[in-house]
Number of protein chains: 4
Amino acid sequence: MTKGCPNPLDHRTRIGQTRREKTRERLCEAAIMVFAERGLNGTVIDHVVRQAGVSRGTFYNYFDTIEDVLDAARVMLKRELVLLVKDSVDFDRPPAERVAFGLRAFIEVARQNKLFLEFSARLGHQSYSFSNLLKETAPGFVSSAIEAGEFRPIPEGLIFDLMESGAIAVLRRLMDGEEVDVAAFVAAMLRVLGLSYEASVAIAALPVEVPQPAEDSLLLRANATWSASH
Amino acid sequence: MTKGCPNPLDHRTRIGQTRREKTRERLCEAAIMVFAERGLNGTVIDHVVRQAGVSRGTFYNYFDTIEDVLDAARVMLKRELVLLVKDSVDFDRPPAERVAFGLRAFIEVARQNKLFLEFSARLGHQSYSFSNLLKETAPGFVSSAIEAGEFRPIPEGLIFDLMESGAIAVLRRLMDGEEVDVAAFVAAMLRVLGLSYEASVAIAALPVEVPQPAEDSLLLRANATWSASH
Amino acid sequence: MTKGCPNPLDHRTRIGQTRREKTRERLCEAAIMVFAERGLNGTVIDHVVRQAGVSRGTFYNYFDTIEDVLDAARVMLKRELVLLVKDSVDFDRPPAERVAFGLRAFIEVARQNKLFLEFSARLGHQSYSFSNLLKETAPGFVSSAIEAGEFRPIPEGLIFDLMESGAIAVLRRLMDGEEVDVAAFVAAMLRVLGLSYEASVAIAALPVEVPQPAEDSLLLRANATWSASH
Amino acid sequence: MTKGCPNPLDHRTRIGQTRREKTRERLCEAAIMVFAERGLNGTVIDHVVRQAGVSRGTFYNYFDTIEDVLDAARVMLKRELVLLVKDSVDFDRPPAERVAFGLRAFIEVARQNKLFLEFSARLGHQSYSFSNLLKETAPGFVSSAIEAGEFRPIPEGLIFDLMESGAIAVLRRLMDGEEVDVAAFVAAMLRVLGLSYEASVAIAALPVEVPQPAEDSLLLRANATWSASH
DNA sequence: GATGAATGAGGCTTCATTCAT
DNA sequence: CATGAATGAAGCCTCATTCAT
């Protein structure tokens, strides 16, 4: 209550927590870069701490295993991606278009963000996964569309699995530098959902606006740091 | 001692090669079992040689790295699978049915052979892969069907990727003990190829005969040994 | 605010010293509990500061090493024990009875105070030691009794060593939950001092009143806290 | 069965086992030296392997922890000591003399073998222990003597504990370079067993022949190596 | 060829200690 | 004084690889 001299303990605590949070983020960012480059199995704690510029001991103040930091990194990435993809989808459009835009937005973000591409492709289904993203972005979305007669019946778990595993297969090709017909992939998924061949191709061909990550986003910052050294 | 064996060196050589081949197979079999249980990263050479009942040094007489023995094991498995799946497909049937039968045969073999299921699901796209299998079983098969108007246009690489990644996703669910609607998966793939929803569902529902591996096949022998200890 | 406190600096200093002393005691108490549980080698500074509820850095304001805090704790315990055992010994009794009472009082205190038992048994001869206690309680006591013809000649150092090492062996058995014939131990020590078998057994069998630690003693407080979590 | 060419496998196996046993002994010997110098807690695996002149990895081919090698070393030492002390005791002598000779032999061996002294004193009751030695050398020996009326009643466990803890206290004094009246200690133990003061002193004063370890004994070899570097 | 003991680089983990706030 | 984040030395342990028999 004393003006001009708030509880010094609180102050110290706040400072400490801020610093703590910052270090944690540095570790996650570093982990993303290392994972992107070496995959989960090629990554050891030493790589991460060196990339983060902290000491080995510091790592253990925040995580117990290399998997733990991957989990944390995944969560951070996912948070940003959900926002990003959500932005790119117009909720007034019919379900098929929303699926098409979401898938393409996801792939385009990866295509334009090499770090993210490597991370997602390499980590495969262990990484942030599209199906989870879809579930979080729009839970029950497919089911309702099926009930509404927009899609034909298919188990929701299956369509999520196919989208995720398919998207990762696409990213893997992109990472290897191969040409990929993204529209064909999107159209295929739409047919899985019951659309006719013609409709699937038409909707998959609609122009899509690729969402741009915010200037200060983890995605952009990490990509910048990472690209600098490649 | 052997009548009609003029050159003892030849004999010894032949005997030696037989023994050599047998040891190699033992190592591969052992590797499959260990990989099925622990995945690629959990597996170390010691596990394999102990399972095979040979000495550590012997391993290096046949392979250089743990990946090498995995490769060899993959090849052996694939050889058996190609035969198995080929058997189950009647080449007089229309392409859609052949795709449906092939996919289902593959999944059913895995469902009935726990060792193979674990191996394929765990190794994921690193394992023997379905798309490779498809390519080897019937190269150009999809393209011709497209040209013949049986399927609608789609890049051959893409459809292979989707089938492989989708099939592995299915196996992973099976391995986790989840219920999987295999027919729905097969129907989805048929729609990707351009069939109508009704046709896809109808063909996916056709009864399929699961091919049985030969008594002395690697698949069956290894599965028996492995199941004995689980 | 305090009436009759002319020099605020003195006041602050005094307050500070009080606080300082209290923190020091908290650390010692905590150390005793941790040592009792994990022994010297299993104990790390972190355990102690967490038990004491202070920060890691604070530890270094009071001690340099983990051994230092053990030393301090030992001193505190010993101070209390000397008083306790002294109370239980009637100085008008003959030397043999005083030895018997002292030994039994010591062992009974440990028997009734689980924390102290674990601490003493685990730390062994590194802990507060009985021979030191004896020396401090009654220096020269044995020598005089020998000169007075109450005991038979034996090097004072040796008898102290035997009592200490023997008592700790007894405590160790108690800690392991074994039955221990304390009277037999006491009688044995009396025979070492030259008493006849019959006399030793008779005196060791005399009823002894176990001294009770004061309500606010370190012994009782720490034991309470510690017992609460076991 | 073939003369002149016994099974080569057997031969190799035998060679291997011999080598294996030798390395194991080297590690134990090394461990004894290191423990003697630094105690259990000051000893780390690196010290032992360096002393043994083998690689770090080799250690793990034989033991899992530093405690394990201590156990093994204890067993080896004990085996030698049992023989040594047994030799020094004339089984025709009365029980009191046998106890006296055994105790003195043990202490004299330690006094003349610096390595063994340090090892026993430092490891304390964790080390090879006298009471175990006594139990193994002559199980039930004390009980029978009590029944025969040679000693007075005392729990066997207690007398063993007192002898062990007392002997170690004596060794500790010796290690610290203090003068120790070994005869007084032995006499004390005899009085514990019920002998009169005069008898105890008389028997403890009997001349004792110190047993000499065999030339190729672990005790002598290790002591030589160790003394060379002190 | 087969064997398995020995090796040592590489990664993991703990914990005493420092120091800015 | 108290705090706790950061540090890095020190020890632990695994495992691919070599090599004498």
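Protein chains get the first letters and strands the later ones, always in sequence-line order, with residue 1 at the start of each.
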Original post:
Any ion pair linking D/Asp46 and D/Arg56 (charged N to carboxylate O, less than 4.0 Å)?
Top reply: yes

Original post:
Can you tell me how far C1' of F/dG11 sits from CG of D/Leu40, to the nearest Å?
Top reply: 15 Å

Original post:
For the pair made of CZ in B/Phe59 and P in E/dA2, what is the distance, rounded to whole Å?
Top reply: 13 Å

Original post:
Side-chain donor-acceptor pair under 3.5 Å between B/Trp226 and B/Glu37, yes or no?
Top reply: yes

**OP:** Side-chain contact test, heavy atoms from C-beta onward, threshold under 4.5 Å: evaluate it for A/Phe35 versus A/Leu115 and give yes or no.
**Re:** no

Subject >> Passing option when A/Leu70 is tested against A/Ile32, A/Val75, A/Leu123 for side chain to side chain contact (heavy atoms under 4.5 Å, CB included) >> reply: A/Leu123

Original post:
Closest nucleotide of DNA chain E for B/Ser55 versus for D/Thr58: which of these residues is on the 5' side?
Top reply: B/Ser55

What N/O pairs connect the protein and nucleotides 13-16 of chain F at under 3.5 Å? Give each pair on its own line.
{"from": "F/dC13", "atom 1": "OP2", "to": "D/Tyr60", "atom 2": "OH", "distance (Å)": "3.0"}
{"from": "F/dC13", "atom 1": "N4", "to": "D/Arg56", "atom 2": "NE", "distance (Å)": "3.2"}
{"from": "F/dA16", "atom 1": "OP2", "to": "B/Ile45", "atom 2": "N", "distance (Å)": "3.1"}

Original post:
With a non-hydrogen cut-off below 4.0 angstrom, is C/Phe63 in contact with a base, only sugar-phosphate, or nothing?
Top reply: nothing

Subject >> Side chain of A/Thr23 - closest among E/dA5, F/dA5, E/dT3 >> reply: F/dA5

Subject >> Flag, side chain of A/Thr58 to backbone of A/Val54, donor-acceptor distance under 3.5 Å >> reply: no

**OP:** Please check the phosphate of F/dA2 (OP1 and OP2 only) for any side-chain N or O of C/Tyr62 closer than 4.0 Å.
**Re:** yes

**OP:** Take the protein atom CZ of D/Arg50 and the nucleotide atom C1' of F/dG11, then report the distance between them rounded to whole Å.
**Re:** 11 Å

Original post:
Cation over ring, D/Arg26 on D/Tyr62, under 6.0 Å and within 45°?
Top reply: no

Subject >> Rounded (10°) bend between the five-pair end axes of the helix from E/dA2-F/dT21 to E/dT21-F/dA2 >> reply: 10°

**OP:** Determine yes or no for a side-chain-to-main-chain donor-acceptor pair under 3.5 angstrom, with B/Arg122 supplying the side chain and B/Ala36 the backbone.
**Re:** yes

Subject >> Integer-rounded Å distance: F/dA2 C1' and C/Arg26 CZ >> reply: 12 Å

Original post:
With no hydrogens and no angle check, is any side-chain donor or acceptor of A/Glu80 less than 3.5 Å from a backbone partner on A/Leu218?
Top reply: yes

Subject >> Length of the line joining C/Glu21:CD and F/dC1:P, which is rounded to integer Å >> reply: 12 Å

Subject >> Nearest-Å distance for atom pair CZ/P, residues D/Arg19 and F/dC19 >> reply: 13 Å

**OP:** Using whole Å, report how far CZ of A/Arg38 lies from C1' of E/dG10.
**Re:** 13 Å

Subject >> Axial cation check for B/Phe63 ring with B/Arg24, 6.0 Å and 45° limits >> reply: no

Original post:
Between atom CG in D/Asn41 and atom P in F/dG11, what is the gap in whole Å?
Top reply: 13 Å

